[in-house]
Structure formats: C-alpha cells, structure tokens
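Working notes for the structure below.
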Amino acid sequence: MKNGNSSSVDPLPQPETSCTICGGTGFLRRDVPVGHPDFGKIIPCECRVETIKEKNLAHLRHISNIEAMTHYTFDSFQPEGYALDEKKSKNLASAYTIARQFAENPRGWLTFFGGYGCGKTHLAVAIANHRISLGKPALFVVVPDLLDHLRGAYSPHSTTTYDERFEQIRNAPLLILDDLGTQSSTDWAKEKLFQLFNHRYNARLATVITTNHKLEEIDPRIRSRLVDPDLSEVVNILAHDFRGGGMEYMSELSTLSQHGDKTFQTFDLRTHELPREKAENLLQAFNMARSYAARPEDWILFTGTYGCGKTHLAAAIANEFAGQSKNALFVVVPDLLDHLRAAFGPQSTTPYDKRFEEVRSAPLLVLDDLGTQSATPWAEEKLYQLLNHRYNGRLPTVITMANTTRLDDRLKSRLLDVGRCTAIEITAPSYRGAPSLKMKKPYKKRMSRK
C-alpha cells in the first residue's frame with residue numbers, strides 16, 4: 001500500500017504519535033493496478049479506525065436525536081421491574097426479550113403500548129442505541145416534535161425543504177416514533193402521519209412505535225396497519241411507572257397525604273352517642289369498608305349526610321392500600337375537574353391526556369364528594385368517560401356522595417349495579433353536631449343569672 005498525501009484530502013486530526021504504516025497521516029492509498037475499482041481511493045489506516053468509528057457513532061447519535069439518552073441501553077434496563085407482581089414482571093421481561101431480538105434483526109414493525117413510565121421509551125431508545133453501536137442508522141423522534149420539524153421546513157429561513165425533510169424521515173432504514181397520540185389532532189397532523197405510516201407500511205420499513213393511548217383511540221387508518229400480523233408485533237406493557245423508585249407513581253392530584261390520620265384505628269364508632277339502630281348501621285359500614293380494603297375489587301359507594309364518616313372510611317381504605325406500597329389516588333371531584341380544565345392551559349406542565357390517564361387507570365381511585373361539581377355538559381361527559389372506563393375494566397373505585405339524586409342517569413345506572421358496586425348508606429348524623437350542643441350549656445346558665 002502507498003502513502004496517500006494528496007492535498008485534496010481533508011484528513012481527520014493527526015495522531016499524537018506517528019504511525020509506521022501511514023507515517024502519521026492516518027490515510028493510505030490501496031496498491032492496486034490501474035483500472036481496479038479501488039485505484040486511487042483513500043482509505044483510513046489501522047491507526048485511525050477506532051477514531052473514525054467513534055466519530056461515525058457520534059454522528060449517528062446526533063441525527064438520531066438521542067445524544068442525551070445514551071444511558072438508555074438494554075444493560076441499564078431492569079427486565080424484572082420494580083415491586084411488580086409475578087404477572088407484570090413476566091410481562092415486562094417478555095417485552096425486554098422482544099425488544100432485544102428486534103434490535104439484532106429489525107424487520108417489520110414493533111409497537112409498545114403502556115402507561116407513562118412503564119419502560120416503553122427506554123426499550124425503544126435501547127433498540128436505537130444498539131443499532132448505532134453496530135454502526136447502523138436509527139432515527140428516533142417524538143411524534144409532536146416530528147410534526148414541529150415538518151412545519152418548520154415551510155419557513156423561508158429553513159435550510160432544508162419540506163420535501164427533503166419528509167423524505168429523510170419516511171425512508172429512514174429504522175424509524176422510532178415515540179409518544180404516538182400526544183400530538184395535536186389537526187387535519188394536517190393526521191394527514192402527515194398517515195402519509196408517513198402508509199409509506200413505511202407499503203415499503204415494509206422497520207419501525208418502532210410507542211404510545212400510552214388505547215388502540216381504539218388511534219386513527220383507524222393507522223391502527224389497521226399497527227395490528228397487521230403479517231408486519232407488526234404489538235406488545236402491551238403492564239408495569240407501572242418505574243420512576244417512583246419501586247413505588248407506584250404518586251400523582252400530584254392526590255390529597256391522601258392530608259388524610260393520613262384517617263385510618264380504621266382512628267375511626268369512632270360512636271357507640272355511646274348514637275341510638276342503637278344508627279350505631280349498628282355505622283358498625284356495618286365500618287366492617288364492609290375493612291373487608292373491601294383487605295381485598296379491593298369493583299366499586300364501593302358510601303352515601304350519607306356531611307360529616308357522617310364516609311370520607312374517613314374512604315380515606316382509611318386508601319391508606320390501607322397505600323401502606324402496601326401501592327398507588328391510591330384520593331381526589332375531591334370538583335378539584336379533579338379543575339385540574340383537568342387547567343391541563344388545557346398553555347402554562348400547564350402536564351398534558352391533558354396524561355392527567356386524565358393517570359386518574360382513570362389508577363390502581364385504586366377514591367372520588368370524594370361526587371355530585372358537588374358543577375353540572376356542566378363538559379363535566380358530566382368527563383366523569384362519564386372516567387367512570388365508564390373503570391366500570392368496564394372493573395378497577396377498584398371508592399366513591400362518597402351525599403345522595404344519587406343529582407347524578408347523570410348514565411352514572412347512576414353504574415352505581416346502582418349491585419353486581420359491580422356495593423352501596424352503603426350511612427344513617428348516622430354528622431359528627432360535628434355534638435360539640436355545638438355542649439357549647440350552648442354555659443351560655444344558657446349565664447342567661448339565667450340575669
């Protein structure tokens with residue numbers, strides 16, 4: 001091989017020590033006869049191979065949008081999860097295995113469904129990092145960012161035309177689309193995404209998709225391609241949010257911390273205050289609440305006047321559940337609706353979809369004071385969507401309310417379903433009545449002295 005010192009070559013930075021093969025230039029010309037395809041070509045010397053490889057990997061990571069996520073690898077993933085039951089642990093391990101196999105030989109489509117923080121993005125980025133470590137290209141992009149990039153290409157200041165940018169994305173050898181469904185659902189966005197998915201579907205290009213949305217919530221045109229068994233494999237990840245460090249994700253919506261004193265041990269059965277019939281009713285409600293806390297299934301509804309103890313029993317159930325390192329979300333219904341409205345605001349740090357999902361899919365949900373919210377069509381629709389999802393999924397739900405008279409008929413029919421909801425009417429009067437009676441006695445004595 002001959003030393004290549006052509007002035008037209010723009011070599012990489014020179015090695016600190018001279019190489020005995022290339023003389024320190026870092027490049028060589030192949031010693032081949034005239035007419036050979038490699039005649040006159042510059043190739044890197046052995047002393048530069050690792051440097052060039054590292055530079056190429058850095059370039060791939062840059063165009064893949066994952067420079068800040070190099071720590072998302074298969075080695076840093078916990079296949080067994082954190083504090084998961086056997087079913088969820090096996091499910092997560094299976095998703096991990098499928099992702100690793102896809103990373104070795106990316107063919108077809110791989111779609112990860114799952115809640116926030118379940119590990120689906122980690123696995124998707126791990127696939128990209130593994131491919132890049134092999135010197136193979138992989139393009140990772142969050143779907144809302146993708147659409148922003150495409151819109152930006154229309155700008156007169158853009159250095160890349162829209163057609164060039166769209167072509168680069170839709171023909172990427174491996175494309176990873178994160179958070180499908182979190183984008184704004186404009187007609188333009190829907191059309192661009194369909195064009196992208198349809199092109200890659202017809203060309204059978206390797207694609208990884210992650211989403212926290214239910215399958216039925218995705219555009220039907222895209223959904224039909226995601227579930228095509230000839231091309232796509234769908235993986236539902238059941239694990240909860242791993243960012244809780246082994247604990248279920250605790251939503252900022254929950255006010256359970258304000259009810260830490262409300263336990264079964266601190267509940268006053270008022271046996272010396274109430275008439276026998278009402279004391280027995282309160283004891284029955286207490287025992288049913290304890291039984292539900294030991295094995296929360298379906299729904300339990302507490303009705304009764306304000307201050308009768310229904311919120312205390314609901315909080316006691318939630319505290320018992322949380323004491324087992326499980327996520328119990330306790331929220332007053334009017335406050336919940338305020339949080340959902342706020343999620344639409346431009347200043348909100350949490351998207352509406354995420355806010356709604358964390359409520360409707362909570363392992364245990366306590367809705368306190370149902371029926372006290374403003375009965376607007378929007379509020380009724382949101383509550384129906386929330387409770388209908390939990391009703392169909394038979395998710396543990398505790399509800400307190402004064403009575404069912406103000407409820408939407410759709411909600412009332414679910415609350416009155418004795419097959420899925422245990423309704424308990426507490427007939428005891430308010431706890432807050434007794435102290436006020438005691439305060440009146442001194443006042444009466446003072447009046448009698450006059």
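A quick note: this is a predicted structure, and the numbers were derived from the prediction, not measured. Counting begins at 1 with the first residue of the sequence.
At least one donor-acceptor pair closer than 3.5 Å links the side chain of Tyr431 to the backbone N or O of Asp268. Panel note: side chain Arg170, backbone Arg200; no donor-acceptor pair is recorded below 3.5 Å. Proximity of a side-chain donor or acceptor of Ser430 to a complementary backbone N or O of Cys308 within less than 3.5 Å is not detected. Thr97 places a side-chain N or O within donor-acceptor distance of the main-chain N or O of Ala93, the cut-off being under 3.5 Å. Without hydrogens or angle criteria, His259 side chain to Ala315 main chain gives no donor-acceptor distance under 3.5 Å. When atom types are taken as modelled, the side chain of Lys120 and the backbone of Asn236 share no donor-acceptor pair closer than 3.5 angstrom. Here the side chain of Arg223 pairs a donor or acceptor atom with the backbone of Glu216 at under 3.5 angstrom. No donor-acceptor pair under 3.5 Å is formed between the side chain of Ser374 and the backbone N or O of Thr376. Remark: side-chain polar atoms of Thr397 are paired, donor with acceptor, to backbone N or O of Leu395 under 3.5 angstrom.
Under the rule for a ring-ring contact (aromatic ring centres under 6.0 Å, His included), the partners of Tyr352 that lie at least two apart in sequence or sit in another chain are Phe344, Phe356. Among residues two or more places apart in sequence or in another chain, the salt bridge (Lys or Arg N to Asp or Glu O under 4.0 Å) test is passed with Arg107 by none. Taking the salt bridge (Lys or Arg N to Asp or Glu O under 4.0 Å) definition, one finds that Arg360 meets it with Glu217, Glu357, sequence neighbours left out. Phe112 is linked by a ring-ring contact (aromatic ring centres under 6.0 Å, His included) to nothing, counting only residues two or more places apart in sequence or in another chain. Partners of Phe302 according to the ring-ring contact (aromatic ring centres under 6.0 Å, His included) rule, which considers only residues two or more places apart in sequence or in another chain, do not exist here. Partners of Glu320 under the salt bridge (Lys or Arg N to Asp or Glu O under 4.0 Å) rule, at least two apart in sequence or in another chain, do not exist in this structure. With sequence neighbours excluded, no residue forms a salt bridge (Lys or Arg N to Asp or Glu O under 4.0 Å) with Asp228.
Residue pairs satisfying the salt bridge (charged side-chain N to carboxylate O under 4.0 Å, His left out) criterion with at least one member in residues 336-346, sequence neighbours excluded, are listed as follows: Asp338-Arg341. The stretch residues 294-305 participates, sequence neighbours left out, in these salt bridge (charged side-chain N to carboxylate O under 4.0 Å, His left out) pairs: Arg295-Glu297, Asp298-Arg394. Evaluation of the salt bridge (charged side-chain N to carboxylate O under 4.0 Å, His left out) test over residues 361-388, restricted to residues two or more places apart or in two chains, returns Glu381-Arg410. Within the structure, every pair that satisfies the ring-ring contact (aromatic ring centres under 6.0 Å, His included) test and touches residues 275-295, not counting sequence neighbours, is listed here: Phe264-Phe286, Phe267-Phe286. The list of side-chain hydrogen bond (donor to acceptor under 3.5 Å, both in side chains) pairs with a residue in residues 418-428, not counting sequence neighbours, reads Asn281-Thr427.
Remark: Arg204 qualifies as a cation-pi partner of Tyr201 under the 6.0 Å distance and 45° angle criteria applied to the six-membered ring. A cation-pi arrangement is found for Arg221 relative to Phe194, the charged atom lying closer than 6.0 Å to the ring centre and inside a 45° cone about the ring normal.
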Between Thr73 and Asn129, is a side-chain hydrogen bond (donor to acceptor under 3.5 Å, both in side chains) present by the stated rule, with each step listed?
CA-CA 7 Å; Thr73 65; Asn129 280 326; over 6 Å; no
Could you give me the CA-CA distance, side-chain angles and deciding distance for Arg414 and Leu387, then say whether side-chain contact (heavy atoms from CB on, under 4.5 Å) is met?
CA-CA 8 Å; Arg414 283 152 179 75; Leu387 288 171; 5.6 Å; no
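The local environment of CD in Glu277 is sparse, with at most 12 non-hydrogen atoms from other residues, nucleotides or ligands closer than 6.0 Å. For Asn392, the CG atom counts as densely surrounded, since its 6.0 Å shell holds more than 12 non-hydrogen atoms of other residues, nucleotides or ligands.
Counting only N and O atoms by type, the side chains of His199 and Asn171 include a donor and acceptor under 3.5 Å apart.
Taking the six-membered ring where the residue is Trp, Trp299 and Tyr391 present perpendicular rings, their angle passing 60° and hence far from 30°. Between Tyr96 and Phe77, the ring-plane angle classifies as parallel under the 30° and 60° cut-offs.
Between Lys90 and Glu86 there is a salt bridge, since a side-chain N of the basic residue sits under 4.0 Å from a carboxylate O of the acidic one. Salt-bridge formation is detected for the pair Glu280/Arg276: a Lys NZ or Arg NE/NH1/NH2 atom is positioned less than 4.0 Å from an Asp or Glu carboxylate oxygen.
Contact annotation: the side chain of Ser254 never approaches that of Glu358 to less than 4.5 Å [non-hydrogen atoms, C-beta and beyond]. You'll find the side chain of Leu110 reaches within 4.5 Å of the side chain of Ile98, heavy atoms only.
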